[in-house]
Each structure stands twice: as C-alpha cells, then as structure tokens.
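First comes the structure, then the notes that go with it.
Whatever order the structure lists them in is the order used to number ligands and atoms, beginning at 1. All residue numbers refer to positions in the sequence shown, counting from 1.
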Amino acid sequence: MTQFEALGLSAVILKTLETLGYENPTPIQSQAIPLVLEGKDLMGLAQTGTGKTAAFGLPLIQHLNKGNYKPQPKTVRALILAPTRELAKQICENLNGFAKRTPLRISMVVGGVSIGAQIKNLARGTDVLVATPGRLLDLVERRAVDLSTAQYLVLDEADQMLDLGFIHALRKIAKLLGTPRQTMLFSATMPKLVAELASTYLTNPERIEVSPSGKAADKIDQSVHFINHQGKQELLKDCLIERRDDLSLVFARTKRGAERLMKHLVSCGFKAGSIHGNKSQAQRDRAIRAFKKGEIRILVATDVAARGIDISGISHVYNYELPEVPENYVHRIGRTARAGAAGQAIAFCSPEEFHLLRAIEKLMEITLDAASGQRPERSIKPARKAKGRSGNKNQGAAKKFRTKRDGPKGANSPKPANNNRPGKWRNRPKKKKVAA
Ligand code: AMP
C-alpha cells in the first residue's frame with residue numbers, strides 16, 4: 001500500500017497521481033486529505049509550495065466524483081476562491097490534472113478577460129469553479145451563475161484575499177452559498193482578521209499547520225545586504241551576473257518601480273520581464289510563460305502579481321525593496337524552494353527600510369545573516385519635517401521617499417538622512433553598464 005493509498009484516496013485518483021509523478025504525500029497532504037475525505041471543515045496554515053492545492057484538491061475531486069451527479073445549468077458544486085488571476089489559473093490547471101480520469105467539469109472565472117465567454121461556459125453548469133471574488137460577484141449579479149447549491153468552499157490564500165480588500169466580497173459570496181457545506185480555508189499567515197474570517201466561515205474546523213505561523217520553508221537560505229538605496233541597482237546586477245544561469249524573481253514595492261527596474265536591467269543586457277498590476281493579463285501570462293521556459297531569467301514583480309505563481313526552478317528571490325507588510329516577505333520567499341528544492345532569499349535593506357526588516361525578523365523569529373554591510377544597532381528615526389535650509393534637506397527628502405507610494409526613483413532618489421551612521425551601510429561605486 002502506498003502512502004497516498006493509506007490516506008484513503010480512490011483507485012482513480014491513485015492512478016492519476018502515478019501519472020503526475022507524485023510518489024509520496026507532502027506533510028500537509030498527509031494531514032489534510034483524510035480530514036477532508038471525512039467531511040471535516042479545515043483550517044490549514046501552510047505556505048505556498050507545500051503542496052496545499054493537492055491537499056484540498058485530491059479529496060475534493062474524490063468527493064465530487066462519487067455518484068453520478070451532474071451540475072444543473074448555471075450551478076456550481078464546489079467553489080474555490082483565490083486572490084489573484086495567476087493563482088486561480090494555477091489551481092485550475094492542477095485540478096484539471098487531478099480530475100483527468102473523471103468526467104468532472106472544472107472552470108475558471110477571473111477578471112481582466114472577456115466576461116461573455118465565461119457566461120456561456122457557466123451556462124452548462126460546473127463541478128468545480130475556481131474564481132477571483134470580484135469577477136464572481138459580477139457574474140452573480142448578471143445571473144450567470146447560482147451558488148446556492150455549492151456544497152464545498154475553499155478559500156485559498158485567505159490572508160492575501162483580505163490584504164487585497166476582498167472582505168466585503170467574501171461576506172457577500174458566503175451568503176449566496178448552500179448549506180450544509182464543507183469549507184476549507186488556507187492561509188500562509190494568520191493575522192487577526194483571518195482568524196476572524198475562519199471563525200465566521202468554518203464549523204468546528206480541524207486545524208492543521210505544516211510550519212509555524214510566519215516561518216519560511218526550512219530549505220530557504222536567507223540573507224540581507226545592508227546597502228544604501230542608491231547602491232541597490234549595482235548590487236542587484238552584480239548578484240544577477242554571478243548567478244546568470246539561475247531563475248531569479250525580484251520584488252519591487254510598486255508597479256512603476258518594478259517596470260523601471262525591469263527596463264533598466266534590459267537596457268543593461270539582462271533577459272528580464274515584469275509582472276504587475278499595470279500589465280494586461282495577456283502580458284503577464286506571456287512573461288510568466290517566458291520565465292518558465294527560461295527565455296527570460298529575471299522576473300521583476302510586485303506582491304500582488306506574483307502571488308501564487310508556481311515556477312519550480314526559481315533559485316533566488318531578491319527583496320529589492322522590503323515589503324511594508326511583513327507577512328508579504330513570507331509569501332515572497334515562498335516562491336523559491338518549492339516542493340522541497342533549495343533556494344536563496346536575498347534582501348536589500350536600506351537605512352529607511354530597517355524598521356521593515358525588524359518587523360520581518362520579529363514575525364519570523366529569526367535574525368537574517370548580513371551578506372554585506374553592517375547591521376545597525378537601531379532604526380533610523382524618520383525626520384518629522386524638512387527644516388528649511390538648515391542642512392537637513394535630506395531628512396525631508398527621506399521622509400518623502402518613505403511615504404511616497406511610487407517608491408524610489410533609482411539613481412535620482414533622494415539621499416538618505418545624514419544621521420545614517422556612516423560606514424554601517426554599504427555604498428557601492430557607480431559602474432559602467434554591463435552586459436549579461
Ligand atoms: P502548491 O503548494 O500546491 O502550489 O504545490 C507546489 C508544487 O509542488 C507544485 O508544482 C505541485 O505540482 C508539486 N507537488 C505537490 N504535491 C506533490 C507531491 N506529493 N509530490 C511531488 N510534487 C508535488
């Protein structure tokens with residue numbers, strides 16, 4: 001008996017797993033599959049890359065494949081909600097793989113693409129619908145879909161859905177669903193709001209956790225460069241040249257910042273692309289496809305766009321700018337070291353970002369190793385106000401820099417305040433353009 005068989009999976013599913021090359025269950029699959037098969041509500045605290053899609057997807061497919069039920073026109077038997085189009089697409093692809101030997105219909109509805117085709121597709125009835133909340137509500141309002149007979153609900157990456165402001169949409173959708181139903185909620189982190197959401201949606205849930213809240217996969221080697229903002233581009237290019245054969249994901253804080261950085265890298269000869277909210281779905285898909293094939297080796301992304309993308313070969317994740325929300329660091333570095341592979345997460349921390357690094361380290365209960373530069377003893381206090389010409393012009397500029405949504409402006413960025421404890425931060429000399 002294989003380990004998957006011991007979990008209670010049916011012969012049809014076991015055969016499919018063999019084809020997919022899944023030999024043994026991951027820890028979250030071992031814990032979740034028997035519980036979901038028993039019909040329990042589930043709260044799973046798990047990072048991306050742990051195999052959680054199969055943890056809920058395999059037993060869900062098995063449930064739905066029992067009996068000879070066919071969905072009525074415009075109805076849905078199981079609903080899976082995901083925060084982003086990329087994640088929805090990935091879940092849909094995975095589920096289609098799991099359901100290969102079954103007659104189940106799996107569909108996806110996400111924003112950014114024509115709604116007409118989705119309306120037509122839903123008209124036939126759907127066994128599993130993977131959706132982003134906004135587009136789903138749009139379709140409900142157009143009476144293209146009726147959720148009242150849905151018996152299964154999965155909320156995937158719940159923390160990110162809340163970060164994206166989907167709480168009202170989720171509340172609306174929950175009211176439209178049938179009861180009784182089995183509900184599963186997965187989240188990489190468990191901030192208060194997610195715990196509240198779980199208590200509203202789940203009935204006597206079983207709680208499973210594959211690694212403690214906020215902790216990254218053990219296989220990720222994490223480090224931080226303490227570097228002034230102006231030196232980041234040069235440092236990044238050095239790192240990328242050193243590892244030119246690797247696949248690197250670079251996180252920027254803003255859409256414009258990501259685009260600017262990508263263009264700069266391309267102008268220096270690097271094969272880079274970008275994904276962020278200002279790109280159309282087709283452009284994002286193209287960039288991800290090129291990255292997966294290795295046609296581009298560097299993908300510059302913002303948090304939202306990179307959410308859920310599953311690219312197995314990413315060896316390096318660069319936090320070119322640290323995230324404002326420390327939980328996002330966990331999500332970002334979860335893009336590497338997927339399915340047991342090793343990976344490196346490299347953060348670039350400027351003086352203005354030190355408080356963000358501290359928040360990340362507090363959440364993860366670790367201290368990142370310094371790869372270069374020196375860790376300061378304390379945070380640099382933001383200047384309260386620019387004071388005329390009294391020499392503190394830079395402090396005012398630094399404040400503007402910190403609060404401005406657009407983020408840093410590359411080489412033209414304001415210099416950090418002069419009280420930066422000189423020598424602690426790595427200043428990199430300006431270099432000529434390099435070809436990669
Ligand atoms: P997920 O966390 O669901 O996004 O899965 C991350 C990656 O691990 C995906 O590429 C899956 O195909 C892969 N994966 C999930 N479960 C297994 C397994 N039991 N054996 C091998 N690969 C797996």
Side-chain angles (χ1 to χ4, degrees), residues 1-10 13-37 42-62 80-100 106 108 128 130 154-161 184-189 208-211 215-220 247 249 288-289 291-294 301 305-315 317 330-343:
M1 190 187 262
T2 66
Q3 286 185 37
F4 272 121
E5 207 176 340
L7 299 178
L9 291 171
S10 66
I13 304 260
L14 292 173
K15 196 128 204 120
T16 305
L17 290 179
E18 224 177 282
T19 333
L20 291 174
Y22 287 17
E23 285 174 9
N24 290 310
T26 64
I28 192 163
Q29 291 162 6
S30 300
Q31 292 181 58
I33 291 171
L35 295 171
V36 182
L37 286 176
L42 192 72
M43 178 153 88
L45 195 54
Q47 295 157 29
T48 48
T50 52
K52 67 182 157 69
T53 316
F56 67 76
L58 296 172
L60 183 66
I61 297 292
Q62 184 158 321
I80 299 176
L81 292 173
T84 62
R85 296 174 265 200
E86 281 77 11
L87 182 59
K89 190 162 174 241
Q90 206 169 282
I91 295 171
C92 198
E93 281 168 7
N94 277 323
L95 293 181
N96 270 310
F98 303 153
K100 221 194 251 151
I106 295 159
M108 176 177 87
V128 186
V130 187
V154 179
L155 299 162
D156 199 12
E157 309 221 338
D159 47 357
Q160 185 71 2
M161 284 205 270
M184 291 154 262
L185 180 147
F186 290 87
S187 196
T189 55
I208 57 171
E209 186 170 344
V210 289
S211 64
K215 294 222 170 110
D218 295 340
K219 296 227 169 173
I220 305 175
L247 283 190
L249 184 58
I288 290 174
R289 254 197 322 272
F291 192 52
K292 277 184 172 168
K293 284 191 201 155
R307 198 76 175 121
I309 57 166
D310 174 26
I311 299 164
S312 52
I314 297 175
S315 54
V317 169
V330 183
H331 298 309
R332 287 179 177 192
I333 68 169
R335 304 289 112 212
T336 183
R338 290 177 81 78

Within the structure, does [X] bring an N/O atom to less than 3.5 angstrom of an N/O atom in ligand 1?
{"X": "Tyr22", "result": "yes"}
{"X": "Glu23", "result": "no"}
{"X": "Gly21", "result": "no"}

Suppose I only count heavy atoms of [X] and a 4.0 Å limit; which atoms of ligand 1 are within that range?
{"X": "Thr53", "result": "1 (P), 3 (O), 4 (O)"}
{"X": "Phe4", "result": "19 (N)"}
{"X": "Thr50", "result": "2 (O)"}
{"X": "Asn24", "result": "18 (C), 19 (N), 20 (N)"}

Do the side chain of Thr53 and the main chain of Ile91 share a donor and acceptor less than 3.5 angstrom apart?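 Flag not set: sc Thr53 to bb Ile91 has no pair under 3.5 Å.
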Any donor and acceptor pair, going by atom type alone, linking the side chain of Gln62 with main-chain N or O of Gly8 inside 3.5 Å?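 Pair found, side chain donor or acceptor close to backbone of Gly8.
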Can you list every pair that meets salt bridge (charged side-chain N to carboxylate O under 4.0 Å, His left out) and has a residue in residues 52-62, with sequence neighbours left out?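 Qualifying pairs, neighbours excluded: Lys52-Asp156, Lys52-Glu157.
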Check: Ile106 and Ile61 side chains under 4.5 Å, non-hydrogen atoms: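 Touching, per the 4.5 Å side-chain cut-off.
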Mind telling me whether Tyr22 and Phe98 have parallel, tilted or perpendicular rings, with 30° and 60° as the class edges?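 If you compare the ring of Phe98 with that of Tyr22, the planes turn out perpendicular.
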Using atom types as modelled, flag every donor-acceptor pair under 3.5 Å from a side chain in residues 28-37 to any protein atom, sequence neighbours excluded.
unit_1	atom_1	unit_2	atom_2	d
Gln29	OE1	Thr26	N	3.0
Gln29	NE2	Gly51	O	2.9
Ser30	OG	Thr26	O	3.3

